[in-house]
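In this text the structure is predicted, and so the values were computed from the model without any measurement. Residues take their numbers from the sequence shown, with the count starting at 1. No hydrogens, no waters, no symmetry mates; every other heavy atom, side chains included, goes into these values.
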Amino acid sequence: MKLKTYFEIHPYIFRITKIICISILGLALLLIVYFCKTRALVDACDGSFLAFGCLFGWGSLKIIVNNGAFDSVAYSFANMFSTWQKNAPIKYKDLIEYKEIRAQKRKKKKFEFIEWYVSSGIYLISAIVCLICYNIQISQITM
């Protein structure tokens, strides 16, 4: 069985796999910040906040794109190459036709941002825990 058909049969396993892959991307961001600095607890907190911000921002961008905010730009890129060639067919008649075709595809990807928000939530929680641990550590040093 192909992987694509397996994920079509089991959509929840696909979502969990996607969350794991996105979390690995966030972990890479966290580790880059952690190992490029002094490797202190505050650096882990900074890396977690960076991973949270990037993943949350990308998920928010998914919502914006899914609502059609960049349709005119995408339509322009889709038809741009046909204008460079002589007698090349135009891919879409006009922007309205493009939006209608995209609207059908958007219904399938309506909640695509949830995986990004779940993964970013994991890093927000880890950043808050690191910040609390750092504050406890600082308060014990100053006592």
Side-chain angles (χ1 to χ4, degrees), residues 1-140:
M1 179 184 321
K2 290 186 177 181
L3 194 59
K4 184 177 179 181
T5 55
Y6 179 77
F7 284 144
E8 287 173 355
I9 295 170
H10 306 289
Y12 292 107
I13 293 176
F14 176 68
R15 285 190 173 228
I16 291 170
T17 305
K18 204 170 176 184
I19 289 171
I20 291 170
C21 291
I22 294 168
S23 296
I24 290 171
L25 177 71
L27 182 64
L29 287 170
L30 187 149
L31 292 176
I32 287 171
V33 170
Y34 182 74
F35 285 114
C36 287
K37 288 188 158 189
T38 59
R39 297 184 190 172
L41 189 58
V42 72
D43 299 329
C45 182
D46 291 344
S48 294
F49 272 121
L50 176 71
F52 162 73
C54 290
L55 298 180
F56 190 82
W58 194 261
S60 299
L61 192 61
K62 289 271 190 185
I63 293 173
I64 293 169
V65 168
N66 198 30
N67 286 329
F70 300 112
D71 276 352
S72 58
V73 176
Y75 168 73
S76 299
F77 275 108
N79 284 334
M80 179 175 62
F81 297 109
S82 64
T83 61
W84 292 350
Q85 298 173 353
K86 192 173 189 178
N87 298 328
I90 296 175
K91 198 169 185 179
Y92 301 102
K93 180 182 169 187
D94 58 359
L95 182 60
I96 296 170
E97 177 188 350
Y98 177 79
K99 284 188 174 193
E100 289 172 357
I101 292 170
R102 291 297 300 165
Q104 295 169 358
K105 292 180 181 179
R106 282 190 190 107
K107 289 180 182 176
K108 295 177 185 174
K109 297 181 178 184
K110 192 173 185 178
F111 297 106
E112 196 175 63
F113 65 94
I114 291 175
E115 293 93 359
W116 293 90
Y117 279 1
V118 168
S119 296
S120 68
I122 292 168
Y123 287 102
L124 178 64
I125 291 169
S126 69
I128 290 170
V129 168
C130 286
L131 185 62
I132 290 170
C133 291
Y134 177 72
N135 287 333
I136 291 171
Q137 183 182 27
I138 292 296
S139 68
Q140 289 176 351

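- With values rounded to the nearest 0.5 angstrom, F52 atom CZ is found 10.5 Å from C54 atom SG.
- Under the ring pair (Phe, Tyr, Trp, His ring centres under 6.0 Å) criterion, F70 pairs with no residue at all, not counting sequence neighbours.
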### Message
Evaluate Q140 against Q137 for side-chain contact (heavy atoms from CB on, under 4.5 Å), listing each step before the verdict.
### Response
CA-CA 5 Å; Q140 289 176 351; Q137 183 182 27; 5.5 Å; no

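- Rounding to the nearest 0.5 Å gives a distance of 9.0 Å between CD1 of I32 and CG of L50.
- When the side-chain contact (heavy atoms from CB on, under 4.5 Å) test is applied to Y12, no partner is found at least two apart in sequence or on another chain.
- Screening residues 33-46 for side chain to side chain donor-acceptor pair (under 3.5 Å) gives K37-D46, T38-D43 as the qualifying pairs, with residues at least two apart or on separate chains.
- Looking at heavy atoms from C-beta onward, I132 lies in side-chain contact with I136 at the 4.5 angstrom threshold.
- Atom CZ of R102 is separated from atom CD of Q104 by 10.5 Å, given to the nearest 0.5 angstrom.
- Note that CD1 of I122 and CG of L27 are 11.0 Å apart. Values are rounded to the nearest 0.5 Å.
- For E97, there are no salt bridge (Lys or Arg N to Asp or Glu O under 4.0 Å) partners, not counting sequence neighbours.
- Applying the side-chain hydrogen bond (donor to acceptor under 3.5 Å, both in side chains) rule to R106 yields the partners D71; only residues at least two apart in sequence or on another chain are considered.
- For L95, the side-chain contact (heavy atoms from CB on, under 4.5 Å) partners two or more places apart in sequence, or in a different chain, are S72, Y75, Y98, K99.
- Remark: Y117 engages F56, F113 in a ring pair (Phe, Tyr, Trp, His ring centres under 6.0 Å) (not counting sequence neighbours).
- Within the structure, side chain to side chain donor-acceptor pair (under 3.5 Å) contacts touching residues 125-135 (residues at least two apart or in different chains) are S48-S126.
- Separation of atoms CG (L55) and OG (S60) is listed at 10.5 Å; rounding is to 0.5 Å.
- Considering only heavy atoms from C-beta on, F49 comes within 4.5 Å of L124 through its side chain.
- Partners of K18 under the side-chain hydrogen bond (donor to acceptor under 3.5 Å, both in side chains) rule, at least two apart in sequence or in another chain, do not exist in this structure.
- With sequence neighbours excluded, the residues that form a side-chain hydrogen bond (donor to acceptor under 3.5 Å, both in side chains) with S119 are S23.
- With a 4.5 Å cut-off on side-chain heavy atoms, Y6 and I13 count as touching.
- Residue L25 holds its CG atom at 6.0 Å from CH2 of W116, rounded to the nearest 0.5 Å.
- With sequence neighbours excluded, the residues forming a ring pair (Phe, Tyr, Trp, His ring centres under 6.0 Å) with F14 are F7, listed by chain and number.
- Side-chain contact between I114 and R15 is present, with heavy atoms from C-beta onward closer than 4.5 Å.
- No more than 12 heavy atoms of other residues, nucleotides or ligands shown are found within 6.0 angstrom of CD1 on I96.
- The salt bridge (Lys or Arg N to Asp or Glu O under 4.0 Å) analysis of residues 50-65, with sequence neighbours excluded, yields the pairs K62-E112.
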